[in-house]
Amino acid sequence: CLTHLSPFFPPLVNGLMTLGFAGAYRQSNLCNESLMLEKLPACGKSFEEMMKKVDYKKWCNLTEFIMYYDNFTQCTEHEANKASCFWPNPLAEGFITDIHKQFFSNCTSEKVHWEDPPDEILITLILIPVTLTCAMITLVVWCSKRSDIL
């Protein structure tokens, strides 16, 4: 039934998806990827200039440069929209990933190494619930045998 539409189907779906992912913007133009790729490096250059203000030892601390990163993100979104492209898109994501590799490749999350507490604390933490459980069982049994008095 759709065989006569098959040559038109992929462009139609692609066009509908582009319009759907565009957000609030209605885009009648096709994405100008070469224009977007031409403009995105200016965002990267601006971000690089702003990051020079931050000590490179603090590049892994997001609070030190969050405003710069926000400006960078807004710039890439603006340039993608000016080129009639939705954002994020694979090309913009690739560019952003390259910026991440340039600035944040040495930032790894430190894994926490859990250790057991000292034996004195561990024994206390185990014995308190065991003792309370035994005491409660004893109390219940004793009260159930003395129900005639209560």
Side-chain angles (χ1 to χ4, degrees), residues 1-140:
C1 136
L2 293 176
T3 55
H4 66 285
L5 293 176
S6 62
F8 303 106
F9 194 66
L12 175 66
V13 170
N14 189 23
L16 290 173
M17 288 180 68
T18 301
L19 287 173
F21 288 130
Y25 298 101
R26 287 200 161 249
Q27 297 179 347
S28 58
N29 302 338
L30 292 176
C31 174
N32 187 342
E33 294 176 346
S34 47
L35 176 64
M36 182 184 63
L37 289 175
E38 181 182 310
K39 298 292 183 178
L40 286 180
C43 298
K45 188 70 174 165
S46 174
F47 181 68
E48 185 177 341
E49 291 299 317
M50 289 186 277
M51 287 297 285
K52 286 180 181 177
K53 299 175 186 177
V54 179
D55 182 11
Y56 78 93
K57 295 175 185 173
K58 296 181 179 180
W59 281 3
C60 296
N61 184 354
L62 187 60
T63 58
E64 295 289 329
F65 60 88
I66 188 69
M67 291 301 294
Y68 303 149
Y69 192 80
D70 182 55
N71 290 341
F72 168 70
T73 303
Q74 288 180 15
C75 179
T76 59
E77 183 175 4
H78 178 73
E79 294 301 337
N81 288 334
K82 276 179 29 182
S84 299
C85 301
F86 62 90
W87 187 92
N89 61 59
L91 293 175
E93 286 177 356
F95 177 76
I96 293 168
T97 301
D98 289 342
I99 293 293
H100 278 236
K101 287 178 185 174
Q102 179 182 350
F103 288 97
F104 312 120
S105 61
N106 292 330
C107 300
T108 57
S109 60
E110 296 178 15
K111 294 184 178 180
V112 177
H113 296 286
W114 296 98
E115 293 181 15
D116 287 337
D119 287 343
E120 299 81 28
I121 294 175
L122 188 61
I123 289 171
T124 304
L125 291 173
I126 292 170
L127 287 179
I128 289 175
V130 169
T131 305
L132 286 175
T133 302
C134 291
M136 292 303 292
I137 291 171
T138 304
L139 184 62
V140 168

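Because the structure is predicted, anything quoted here is derived from the model rather than measured. One is the number of the first residue; the rest follow in order along the sequence.
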Item to check | side-chain contact (heavy atoms from CB on, under 4.5 Å) between Gln102 and Asp98, worked out | outcome: CA-CA 6 Å; Gln102 179 182 350; Asp98 289 342; over 6 Å; no
Checklist outcome for this item: Nearest heavy-atom contact between Lys82 and Leu35 is O-CD2, 4.5 Å
Checklist entry - Considering only heavy atoms from C-beta outward, does the side chain of Asn32 approach that of Ser84 to under 4.5 Å? => result no
Checklist entry - Less than 4.5 Å apart, any side-chain heavy atom of Phe72 and any of Ile96? => result yes
Checklist entry - Of all heavy-atom pairs between Trp87 and Ala80, which one has the smallest distance, and what is that distance? => result CD1-CB, 3.7 Å
Item to check | Set of residues satisfying ring-ring contact (aromatic ring centres under 6.0 Å, His included) with respect to His100, sequence neighbours excluded | outcome: Tyr69, Phe104
Item to check | Contacts of type side chain to side chain contact (heavy atoms under 4.5 Å, CB included), residue Ile66, not counting sequence neighbours | outcome: Leu62
Next on the checklist: Could you work out, with side chain to side chain contact (heavy atoms under 4.5 Å, CB included) as the rule, every residue matching Ser46, not counting sequence neighbours?
Outcome noted: Met50
Checklist outcome for this item: Sorted by chain and residue number, the side chain to side chain contact (heavy atoms under 4.5 Å, CB included) partners of Glu93 (sequence neighbours excluded) come out as Pro88
Next on the checklist: Can you confirm whether Asn106 is buried at CG, in the sense that more than 12 heavy atoms of other residues, nucleotides or ligands lie under 6.0 Å from that atom?
Outcome noted: no
Next on the checklist: Just verifying a value: how many Å separate Cys31 SG and Asn81 CG, rounded to the nearest 0.5 Å?
Outcome noted: 10.0 Å
Next on the checklist: So Asn89 and Glu33, do their side chains get closer than 4.5 Å, heavy atoms only?
Outcome noted: no
Checklist entry - Between OG1 of Thr97 and NZ of Lys101, what distance do you get to the nearest 0.5 Å? => result 6.5 Å
Next on the checklist: Checking Phe103 now: which residues fulfil ring-ring contact (aromatic ring centres under 6.0 Å, His included) with it, not counting sequence neighbours?
Outcome noted: Phe47, Trp59
Item to check | For Met36 against Leu91, the heavy-atom pair lying closest together | outcome: CE-CB, 3.6 Å
Checklist entry - To the nearest 0.5 Å, how far apart are SG in Cys107 and CG in Asn61? => result 9.5 Å
Checklist entry - Are Tyr68 and Lys53 close enough, and set up right, to give a side-chain contact (heavy atoms from CB on, under 4.5 Å), and what steps lead you there? => result CA-CA 10 Å; Tyr68 303 149; Lys53 299 175 186 177; 3.5 Å; yes
Checklist entry - What do the steps show when you test Phe65 against Asn71 for side-chain contact (heavy atoms from CB on, under 4.5 Å), and what is the final call? => result CA-CA 10 Å; Phe65 60 88; Asn71 290 341; over 6 Å; no
Checklist entry - How long is the gap from CD1 on Ile123 to CD1 on Ile128, to the nearest 0.5 Å? => result 12.0 Å
Item to check | Non-neighbouring partners of Asp55 that pass side chain to side chain contact (heavy atoms under 4.5 Å, CB included), sequence neighbours left out | outcome: Lys57, Lys58
Item to check | Contact summary for Pro129 and Thr133, nearest pair of heavy atoms | outcome: O-OG1, 2.7 Å
